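The structure presented is a predicted model; accordingly, all values stated were derived computationally and were not measured. As the structure lists them, so they are numbered: ligands from 1, and atoms in each ligand from 1.
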Amino acid sequence: MARLTVLTLFLLITNQTFGFNGDSFELECPDECDCHYFRINWVTDCSESNLTEVPYEELSMSVYILDLNGNNITELKTFPSDIKMRRLQIADNRLSKIDRESFKGLEYLIDVDLSGNNISYIDPEAFLDSRGLLNVELQDNPISTVEGPFLVSSTLQFLDISNCNLSIINYQFFDNITSLTNVDLSNNPLRTLDRGVFDILTSLETLKLNDCKLTNITDNVFSSLTNLKYLELAGNLLTTVSWPDLLGKLFRLEYLNLRKTGITELSEDTFSNCTNLVTLILADNELPELDVAATLGNSVNHLELLDLSNCKIRGPIAGDAFANATRLKTLYLSGNPLFAPDLQEALEPLPKLEKLFMSNCGLRKLPDNFNVFDNLQELDISHNPLVNVFTKLLAPLENLEYLNMGYSNLSYIGPDTFSKMTSMKRLVLSGNDLLSLEAGLFGNLTQLMTLELEVCGLKRPLNSNAFFKNLTYMDLREIRLGGNPLIIPAIGPLFPKQLSQVTIMDLSNCNISSLHIDAFKNTENITELNLAGNRISSKDNGLQFLQRLHQLEKVNLSNNNLTAIDPQVFINNPKLHSLNLIGNRFICDCKIAEMWDWANMIKGNLDVLVGAKSAEKDIVVKGNKKKKHLYCHYNETQLRNMTIPVNKTIPGRRPFIKPRELTFANRTWAKYVRESGCEPVVKILKPVALVTKLFNSDDLRISPAAVVMALIALVFGVSTFLMTLRLFFRRTTKVEYDTENNRKLR
Ligand SMILES: *[C@@H]1O[C@H](CO)[C@@H](O)[C@H](O)[C@H]1NC(C)=O
Ligand SMILES: *[C@@H]1O[C@H](CO)[C@@H](O)[C@H](O)[C@H]1NC(C)=O
Ligand SMILES: *[C@@H]1O[C@H](CO)[C@@H](O)[C@H](O)[C@H]1NC(C)=O
Ligand SMILES: *[C@@H]1O[C@H](CO)[C@@H](O)[C@H](O)[C@H]1NC(C)=O
Ligand SMILES: *[C@@H]1O[C@H](CO)[C@@H](O)[C@H](O)[C@H]1NC(C)=O
Ligand SMILES: *[C@@H]1O[C@H](CO)[C@@H](O)[C@H](O)[C@H]1NC(C)=O
Ligand SMILES: *[C@@H]1O[C@H](CO)[C@@H](O)[C@H](O)[C@H]1NC(C)=O
Ligand SMILES: *[C@@H]1O[C@H](CO)[C@@H](O)[C@H](O)[C@H]1NC(C)=O
Ligand SMILES: *[C@@H]1O[C@H](CO)[C@@H](O)[C@H](O)[C@H]1NC(C)=O
Ligand SMILES: *[C@@H]1O[C@H](CO)[C@@H](O)[C@H](O)[C@H]1NC(C)=O
Ligand SMILES: *[C@@H]1O[C@H](CO)[C@@H](O)[C@H](O)[C@H]1NC(C)=O
Ligand SMILES: *[C@@H]1O[C@H](CO)[C@@H](O)[C@H](O)[C@H]1NC(C)=O
C-alpha cells in the first residue's frame, strides 16, 4: 500500500508523460519506425515499412533490438561504431552478400537473423568483432557453395543454415565455430556426408539433417558427437545405412526422428548403445510385420514415446509386439489399418500407457480390454468409421479423462454414450455433423472441464436439455464451438443456466453478425471470449454484449467487420487485459488515438492492444517473421489532404524529423497516432483510473496517508472526469476525420 501511495504522489505532482505512448525517456527513433521499451530494452521496430536502406543515421546508440524484417533492403553499409545493438533482425529482405564491413564494430551483437534474403556470400570474418555472438540464422538463402571455414566465431552456439542449397559440407566448414551446440542443415541437397565433417563439433547437442537427400552415410560420421541428445534424419532414403555403427557412439541420445527414411526393419542391436533414448519416431516408414521387440531389440525398454504412425502395419500384430516396451507412456499407431482383437492382445503388456493415438486406423470397434489401462488418460480415436454404436464399446473407459472422437462420421450420438464416463475432463466431438444433441447426452459428465464441438454443423449453441436440468456443471470451464454456422436467436441468452461456470468460450468463425445485450446473461463469468472471424460490425452498438461480462480478461475480435471502436465500450470490463482487434478495417480517426491512450494509460500497458507493438513472441529467436499489426485506413480524399507536421510537438507524441508525404492508405495504429496530431486524451483521464485503482484494490488495509492521497486524487479526478466527458461527447456524434483542417478548427 505504501508503495502505491508514493506512486500516486509521484504521478500527481509530476505532470508526467511517463510511459506515454510507450515513448517516455525517448531515445532516438527513425521516422519510419515504431520504438518502445521491451522490459528495459529499447526496441526499434522498422519491420514491414517499405524501407530500401537501413536508417543508420537515425538509430539510437542504445538500440537493443533492431527489427528490419520484411523490407526491401538490398545492401548493408557499416553501423555507427558506438551502437550497442544486441539483436539484429533483417529477415525477408533482398540482401545478396554479407561483407566484413557490414557488422564491423558490433561488439555487443548476440544474435542476428538474416534468413529469407538472397545471400550467396558471407565473409567468414563478418562477425569477428562480435565477441559474444551466440546465434546466427541464415536459413532460406541461396548460399550454395562454401569453401574453407564457414564462419569464424569462438562463441557461436546456434546456427541455422537450412534450405541454403548447400550440396557439400567441406572438411573445414566448422573449423572456426567449434562451440556450436545446435545446427540445422535440413533441406540442403547434401546427398552424402563425408567422414569427419562433424568431428570437431564435440559440444553439439542438436543436429537436424531432415530432407537432405541423404542415401549413404559413412558409418562413423557421428562418432565424435558424444554429447548429441537430439538427432533428426527425417525425409532421407537411408535404406543401406548400418545403424548400429552409425549410432553406436551416441550414448547420450534422447530423441531420434527417423520419419520417412525408407526403413523396413531394424536389427536388435540398432539402439543398443543409445541407452538414454526416450523418444523414437519411426512414422511414415514401411514396417508391415510389426514386431517392436524384434525391430527394436532390447533398446525398447527405455522408450517412453514411440511413434509408429502410418507404418503400413498389416495386422495381425504379433501378440508380444510390445512385450518389452513396458515403460512406454505414449504410443502413436495412427494411420495404420488396425483391428480391435489384435490390438487387445498387443496392448496387454502396456499397462503404464498414458496416451494412445489411434486416429485414422479404420477402426469400427474398439478393444474390450481398456479396463487394464489404469493410467490411460488420453485416447484419440478420431477419424475412424466408428459409426453410431458407441455405448457398449466405450463402456469400460470409466477412468478416461480425455477422449477425442472427432471427425468420425457421427451424425447422431446416443443419449447414453457418455453416461458412465464420469471421470471425463475433456471431450472432443469436433468435426462430426451433429446438427442436434440428444437430451441428457452430457448429463452425467459432472467432472467435465472442456467440451469441444467445433465444426459440427450446429445451428444452435448448446441446448439446455443436453445437460441435466437440475445441475450446475461446476467444473465445466471451457466450451469450443468454433466453425459452427450458428443462428443467434433474436432474444434471450445463448447458453443455458447449467453452464454458468464457463470461463473460456470460443465462438470463432460462427457466422455471427450481431449479439444482443443478453447474449451472455447465463454465462456472465466468462473471462476469455473468442469471436474471431465473425461479422460483428461497429454499427448499432455492435459490442454492447460486453457490458454484462464483468470478469472478462481476454477478448478476441480479430477479423470481424469493425470499422470504428471507442474505449467506452469496455467500461464494464475492468479486468480486460488483452484485446485483439487485428484484421478489422478501421477508419483512421481520433478514436484510434483514444484507444491507444486507453491501453497505454488507463490499462497502463500497450500490450493490452494485441498487435500495437512487438509482443514478446515477436522478439523470440526463430519466431514467425511476419508480424500482425493493427491497421487503420485513410480514404483517398483524406490521403490527398494529409500533410505531416514536422517538428510540431504534441504532448506525449513523438515529432517527425523529416518532412513526409503520405503515399499509402494503410497506417499502423502506432504511425497513425503519431502523425494524426490527435490530442492525448488520457492525460486527462488518468487520475480517474488511479482513483479507481485505489478503491478497487482487493487489499483493504488502506493507510491514512493513502486516504488523503485518494481524496486529493478524487477531487482532481472528478474535475478531470467532467472534462473528459465533455471531450467524449464532443466526439461521439459523428466520425471525425483528423485532417490538418480539423485540427486547426479545434
Ligand atoms: C508498402 O508498399 C506497398 C506498395 O508497394 C503498399 O501496398 C503498402 O501499403 C506499403 N506498406 C506500408 C507499411 O507502407
Ligand atoms: C520492393 O522493391 C521492388 C522493386 O523495387 C518492388 O517491386 C516491391 O513492391 C517492393 N516491395 C515493397 C514491400 O516495397
Ligand atoms: C580457424 O581454424 C583453423 C583450424 O583449427 C586454425 O588454424 C585457424 O587459425 C583458425 N582461424 C581463425 C581466424 O581463428
Ligand atoms: C556407401 O559409400 C561407401 C563409401 O563412401 C561405399 O563403400 C559403399 O559401397 C556405399 N554404399 C552404397 C550402398 O552405395
Ligand atoms: C557400444 O559401446 C561399447 C562401449 O560401451 C563399444 O565398445 C562398442 O563398440 C559400441 N558399439 C558400437 C556399434 O559402436
Ligand atoms: C524381452 O525381455 C525378456 C526378459 O524381460 C527377455 O527374455 C527377452 O529376450 C526380451 N525380448 C527381446 C526381443 O529382447
Ligand atoms: C450416471 O452416473 C452414475 C454414477 O456413476 C450412475 O449411477 C448412473 O447410472 C449414471 N446415469 C446414467 C443415465 O447412466
Ligand atoms: C437431476 O435429474 C436427473 C434426471 O434428470 C436425476 O437422475 C438426478 O438424480 C438429479 N440430480 C439431482 C442432484 O437432483
Ligand atoms: C460467477 O461465479 C461466482 C463464483 O463462482 C458465482 O457466485 C456466480 O453465481 C457466477 N455467476 C453466474 C452468473 O453464475
Ligand atoms: C461489413 O460492413 C460494411 C459496412 O458496415 C458492409 O457494407 C459489409 O457488407 C459488411 N460485410 C459483411 C461481410 O458483413
Ligand atoms: C481536400 O483538398 C481539396 C483540394 O485538394 C479541397 O478542395 C478539399 O476541401 C479538402 N478537403 C478537406 C476535407 O480538407
Ligand atoms: C473520406 O473522408 C472524408 C472526411 O475526411 C469524407 O468527407 C468523405 O466522404 C470520405 N470519402 C469516402 C469515399 O468515403
Task: Min side-chain heavy-atom separation Phe158-Asp111 under 4.5 Å - done: no
Open item on the list: Could you check whether Asn93 and Asn71, counting side-chain N and O atoms only, form a donor-acceptor pair closer than 3.5 Å?
Closed with: no
Task: For Lys249, atoms of ligand 5 separated by under 4.0 Å from a heavy atom - done: 14 (O)
TODO: Compile the protein residues with any heavy atom at a distance under 4.0 Å from an atom of ligand 3; present them by chain, then by number.
DONE: Val152, Asp175, Asn176
Open item on the list: For the residue pair Asn220 / Ser223, report whether a side-chain donor-acceptor contact shorter than 3.5 Å exists.
Closed with: no
Task: For Pro244, atoms of ligand 5 separated by under 4.0 Å from a heavy atom - done: 13 (C)
Open item on the list: Does ligand 5 come near enough to Asp245 that some N or O of the ligand is less than 3.5 Å from an N or O of the residue?
Closed with: no
Task: No-hydrogen, no-angle side-chain donor-acceptor test under 3.5 Å, Arg252 and Asn276 - done: no
TODO: Ignoring hydrogens and angles, state whether a donor on the side chain of Asn163 or Asp140 is under 3.5 Å from an acceptor on the partner side chain.
DONE: yes
TODO: Compute the ring centroids of Phe174 and Phe150, then answer whether they are less than 6.0 Å apart.
DONE: no
Open item on the list: I'd like to know if Asp307 pairs up with Arg259 as an ion pair, taking the criterion as any Lys NZ or Arg NE/NH1/NH2 lying under 4.0 Å from an Asp or Glu carboxylate oxygen.
Closed with: yes
